[in-house]
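Working notes, beginning with the structure itself.
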Protein chains: 4
Amino acid sequence: MPSADNPRRSERSRAAILQATQELIREQPYGKISIEGIAARAKVGKQTIYRWWRSKGALVVDALHEQNAAGAQEAMALPDTGDLAADMRLVLRATVDEFTSPDFEPLFRALSIESLQDPALQQQIVERIYRPQFEFVAARFRSAQDAGQVRPDADLAVAFELFMAPMFYRWQSGAHTLTHDHADAVVDLAMRALAP
Amino acid sequence: MPSADNPRRSERSRAAILQATQELIREQPYGKISIEGIAARAKVGKQTIYRWWRSKGALVVDALHEQNAAGAQEAMALPDTGDLAADMRLVLRATVDEFTSPDFEPLFRALSIESLQDPALQQQIVERIYRPQFEFVAARFRSAQDAGQVRPDADLAVAFELFMAPMFYRWQSGAHTLTHDHADAVVDLAMRALAP
Amino acid sequence: MPSADNPRRSERSRAAILQATQELIREQPYGKISIEGIAARAKVGKQTIYRWWRSKGALVVDALHEQNAAGAQEAMALPDTGDLAADMRLVLRATVDEFTSPDFEPLFRALSIESLQDPALQQQIVERIYRPQFEFVAARFRSAQDAGQVRPDADLAVAFELFMAPMFYRWQSGAHTLTHDHADAVVDLAMRALAP
Amino acid sequence: MPSADNPRRSERSRAAILQATQELIREQPYGKISIEGIAARAKVGKQTIYRWWRSKGALVVDALHEQNAAGAQEAMALPDTGDLAADMRLVLRATVDEFTSPDFEPLFRALSIESLQDPALQQQIVERIYRPQFEFVAARFRSAQDAGQVRPDADLAVAFELFMAPMFYRWQSGAHTLTHDHADAVVDLAMRALAP
DNA sequence: CGCTAATCGAGACGGTACGTCCCGTCTTCAG
DNA sequence: CTGAAGACGGGACGTACCGTCTCGATTAGCG
C-alpha cells in the first residue's frame with residue numbers, strides 16, 4: 001500500500017500518521033486517543049489528517065491494514081493439507097495469537113469500538129476485513145465438502161461463524177482466557193457439528 | 001432494585017437519571033451522548049451523577065439492569081421441557097429479538113463500546129450479566145446431560161458459547177441479518193456438536 | 001461580644017466559625033475562601049453559617065470585630081497630650097502597624113474586597129468602623145481647634161481624610177511601602193495644611 | 001493599541017472581548033460577572049479568552065485601557081497655566097468626574113477588587129496606571145517648584161498622594177459624596193501644605 | 001527552469017463537554 | 001428547635017479536543 005492516488009500527497013506524512021496511530025493505540029486506552037495527539041506525535045498538522053481520513057475510525061482501519069501489510073498475514077495463509085480439522089486448528093490458533101498479541105489486540109479493540117459507533121465503518125470492515133477472511137475459509141470448506149469431510153448442505157457462512165465466533169466472543173466478553181487448547185476444543189466441536 | 005444502600009440518596013434522581021440514560025441511548029448515536037445531556041434530561045445536577053456512578057459505562061450497566069428489571073427477563077426464563085434443542089431454540093430466538101429490538105439493541109451497543117474501553121467495567125459485566133446468564137443455561141445443560149442428550153464430558157462454558165457466540169458475532173459484525181431461522185440453524189449445529 | 005440575641009444559639013459554633021474565618025483569611029488569598037471551607041474548618045454545618053450571617057461579607061465584618069475585641073484596639077485609644085501633631089503621629093503609626101500586620105492586613109483586605117462588591121455592606125462598614133474612628137479623631141481635632149493648633153473653620157471630615165487617606169491609598173495601591181517615617185511625613189504636611 | 005504582538009491573533013475577537021467585558025461590568029455587580037458570560041456576549045470561545053489573558057483581572061486592566069484609548073484621557077492632559085492650584089483643580093475635578101461616571105466607575109471598582117486579590121496584578125496596575133499618572137503630575141510639580149509655588153524639598157510622591165488619596169478614599173469608603181467642591185477643598189488644603 | 005497551485009506545519013478560532021468546586025437550599029438524624 | 005452532615009439542582013471554573021479556518025513555507029508538475 002504505497003502513498004495513495006494523489007501524487008501530491010506526502011508519503012512521509014501518511015506513514016508518520018499511521019505509525020503514530022498504531023503506537024498511541026498500543027500505549028493507552030483508546031478513549032484517551034485524540035486526533036490532536038496523533039498529529040502531535042506524527043509532527044503533522046491536524047488538517048493533514050482531516051484531509052485524507054473521514055474519521056478516527058477510518059484512520060484505525062488504515063493503521064491496521066498498514067500493520068498487516070508489514071506483518072506476515074498468517075491468519076489468512078490457509079493451507080489445504082487435506083485435513084480440515086488440522087487446517088482450522090492452525091487458523092484458530094493464529095486467531096488466538098492475534099487476540100493475545102500486544103501489537104494487534106489494541107488495534108482490534110479500537111476497530112471494534114469504532115465499528116460499533118459507525119454503521120458505515122462497520123460495513124466497510126465487513127467488506128475489507130470480514131469478507132476476505134470468510135472467502136478464504138469458505139474455499140477451504142468447499143474443498144472439504146468435496147472430500148466428504150463436511151456435510152454438502154452446510155451453510156458456509158454459519159459454518160465459518162461456528163469456528164470464529166467463539167474465539168471472538170471469548171475475547172470480547174473477557175470471561176475466559178484465550179488459549180490454543182481452547183481453539184482446539186472449538187475446532188473439535190465445530191467439526192463434529194459439520195460432519196456428514 | 002430500589003434506591004441503594006445510602007438512605008440519603010434521592011430515589012427520584014436515581015430513577016430519572018437511568019430513565020434519561022435509556023432514552024438518550026435509544027434516540028441518538030452513543031458517541032453523541034454526554035453526561036451533561038443526561039443530567040439536563042433528568043433535571044439533575046451533574047454532580048449527582050458523578051456522586052453515584054464512576055463512569056458513563058457504569059451508568060449504562062445500571063440503565064440496562066433497570067430496563068431488565070422493568071421487563072420480563074424472558075431471556076433468562078429458561079424452561080425445561082425435556083427437549084434441550086427446543087428449549088435452546090427459545091433462548092436463542094429471544095436473544096435474536098433482543099439484538100433486534102429498538103429498546104434493547106442500543107443499550108447492548110453502548111455496553112459493548114464501554115466494556116471494550118474499560119477492563120474493570122468488562123469484568124463487572126462478566127459478573128453481573130454474562131455469568132448469571134451462563135449459570136441458567138449451564139443448569140439446563142446439566143439436566144440434558146443427565147437425560148443423555150449431551151455428552152457427559154462436554155465443557156459447559158464452551159458449549160454455552162457454541163450457542164451464544166454466533167448470535168453475538170452476527171450482531172456485532174453486521175455481516176448478516178439476525179433471524180429466528182438463523183437461531184434455529186445455530187441450535188441444530190450446536191446440538192449436533194454436543195450429542196453423545 | 002457574647003453569643004448573640006438568641007439564647008438557643010450555640011456559642012461554641014459562633015466562636016469556631018469566626019475563628020476559622022480569621023485563620024483561613026490569613027492563610028490564603030481571599031478569593032479561594034469558601035463558606036464550605038469555613039464550615040469544614042469550624043466543624044460546623046453549612047446551614048449554621050447561613051442561619052446567622054447574611055453573606056460572606058457580614059461574616060468578615062464580625063470576624064474583624066472579634067479580632068479587635070481580642071486585641072487592644074490601640075488605633076482608637078487616642079490620647080490628648082496637647083500636641084496634636086504628636087498625637088496624630090501615634091494614630092498614623094498605629095495605622096501603619098495594622099496595615100503591615102499579618103494578623104490584621106488580610107482581614108482589612110477581605111473587608112475592602114467585600115465592601116467594593118456590596119453597597120449595603122459598605123454602608124454598614126461606614127457606620128460600624130469608619131464613623132467611630134472618625135468621631136474619636138474629630139473630638140481631638142476640636143480640642144486642637146480650641147487650643148489654636150487648627151484653623152477654626154476647617155472641615156473636620158476633610159481634615160480627617162487628609163491624615164488617613166494617604167495611608168490607605170499607599171496600602172491599597174501597593175506603589176510604596178508603609179513606614180513610620182512616611183506616617184510622620186504625612187502628619188507634617190497635614191498639620192501644615194490645617195495650621196491657622 | 002492595535003491587536004497585539006502575535007500576527008495570528010484575531011483583532012475582531014480581541015475587541016469583542018474587551019467590549020463585552022466593559023459592557024457587562026457596567027450592567028451588573030462585578031461578582032456576577034463570569035468569563036463564560038463574557039465569552040458568550042463576545043460570541044467567542046472561552047479558550048480564546050484564556051489564551052490571551054491570565055485572569056479576569058488582566059482582562060479588566062485591558063478593558064479599562066481600551067476605554068481610555070477610546071476617550072480623551074482628560075485626566076492626564078495636565079495643562080501648565082503657571083497656576084498650580086488651578087491646574088490641580090482641573091485634575092481633581094476630572095478625577096471626581098471619573099469616580100462618578102457610570103462608564104468609568106464600575107471599571108475602577110472591578111479593578112480595585114481584582115488588585116486586592118492578586119499582588120501580581122496590583123504591581124501591574126502600579127506600573128501601567130498609577131505610575132504614568134504620577135509622572136505627569138510630578139512633572140507639573142517640578143515646574144511649580146521652579147516657580148517657587150512648592151517647597152523645593154517636598155517629596156513628590158507624598159505630595160501626589162496628598163491630592164489624590166482623599167478622592168480615592170472618599171470614593172472607596174462611600175462615607176461622603178464626591179463633588180467638585182470637595183475637590184477644590186482638597187486642593188486648597190494640599191496647596192497650603194506644600195507652600196514654601 | 002521558473003510559476004503557481006496544492007499540500008504542508010502550525011496553531012488560532014467558535015464550540016461542546018469534561019470532571020470539579022462551590023453556591024444556597026433542603027433533608028435526615030442526634031441531642 | 002438547633003446543629004452536624006451532606007445530598008440536591010444549579011452555575012461557573014479552567015482544560016481538552018473537536019473540526020474549520022487562516023497563515024507563510026515548501027514542493028511538485030506544467031507550461
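Quantities reported herein were computed from a predicted structural model and do not represent experimental measurements. Numbered from 1 within each chain, the chains take letters A, B, ... in sequence-line order.
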Would V60(B) and Y30(B) count as a side-chain contact (heavy atoms from CB on, under 4.5 Å) here? Give the steps.
CA-CA 11 Å; V60(B) 172; Y30(B) 186 64; 3.5 Å; yes

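A close approach under 4.0 Å does not occur between any side-chain nitrogen or oxygen of S13(B) and OP1 or OP2 of dA7(F). For the OP1/OP2 pair of dG14(E) and a distance below 4.0 Å, the side-chain nitrogens and oxygens of T48(D) include at least one atom meeting the criterion. Taking side-chain N and O atoms only, R8(A) has no distance below 4.0 Å to OP1 or OP2 of dC30(F). The side chain of W52(D) places an N or O atom within less than 4.0 Å of a non-bridging phosphate oxygen (OP1 or OP2) of dC13(E).
In this entry the distance linking CZ of R51(C) with C1' of dA5(F) reads 13 Å, nearest Å. Atom CG of L59(D) is separated from atom C1' of dC13(F) by 15 Å (rounded to the nearest Å). Atom-to-atom, CD1 of I49(D) to P of dC13(E) comes out at 11 Å; the value is rounded to the nearest Å. With rounding to whole Å, R14(D) atom CZ is found 12 Å from dC13(E) atom P. One atom, NZ of K46(C), and another, P of dT27(E), lie 15 Å apart when rounded to the nearest Å. Between R12(A) atom CZ and dT27(F) atom P there is a gap of 11 Å when expressed in whole angstrom units. For the pair Q47(D) CD and dA12(E) P, the interatomic distance rounds to 10 Å; values are reported in whole Å.
Contact between Q22(C) and A63(C) at its shortest, heavy atoms only, is NE2-O, 3.0 Å. When every heavy atom of R109(B) is checked against every heavy atom of L116(A), the shortest pair comes out as NH1-O, 3.0 Å.
The main-chain N or O of D103(B) is found under 3.5 Å from a side-chain atom of Q67(B) such that the two form a donor-acceptor pair. Side chain of Q124(C) to backbone of V61(C): no donor-acceptor contact under 3.5 angstrom is found.
Across all strands, R54(B) comes closer than 4.0 Å to no nucleic acid atom at all (heavy-atom distances).
A heavy atom closer than 4.0 Å to some atom of DNA chain E occurs in S34(B), I35(B), E36(B), these being the qualifying members of residues 28-44 of chain B. Contact check of residues 112-123 of chain C against DNA chain F (heavy atom, cut-off under 4.0 Å) returns no residues at all.
Toward the 5' end of DNA chain F, the nearer of the two residues G45(C) and K56(A), judged by each one's closest nucleotide, is G45(C).
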Name every donor-acceptor pair, under 3.5 Å, that has one atom in a side chain of residues 42-49 of chain A and the other anywhere in the protein, sequence neighbours excluded.
residue : atom : partner : partner atom : Å
K46(A)  : NZ   : E36(A)  : OE2          : 2.8

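Each of dG14(F), dC13(E), dA7(F) was ranked by its minimum atom distance to the side chain of Y50(D); first place goes to dG14(F).
In summary, D118(D) and K56(D) do not engage in a salt bridge, as defined by a charged side-chain N under 4.0 Å from a carboxylate O.
A donor-acceptor pair shorter than 3.5 Å cannot be found between the side chains of E114(A) and Q122(A).
For R9(C) and W52(C), the positive end sits near the middle of the six-membered ring, less than 6.0 Å away and at most 45° from its axis.
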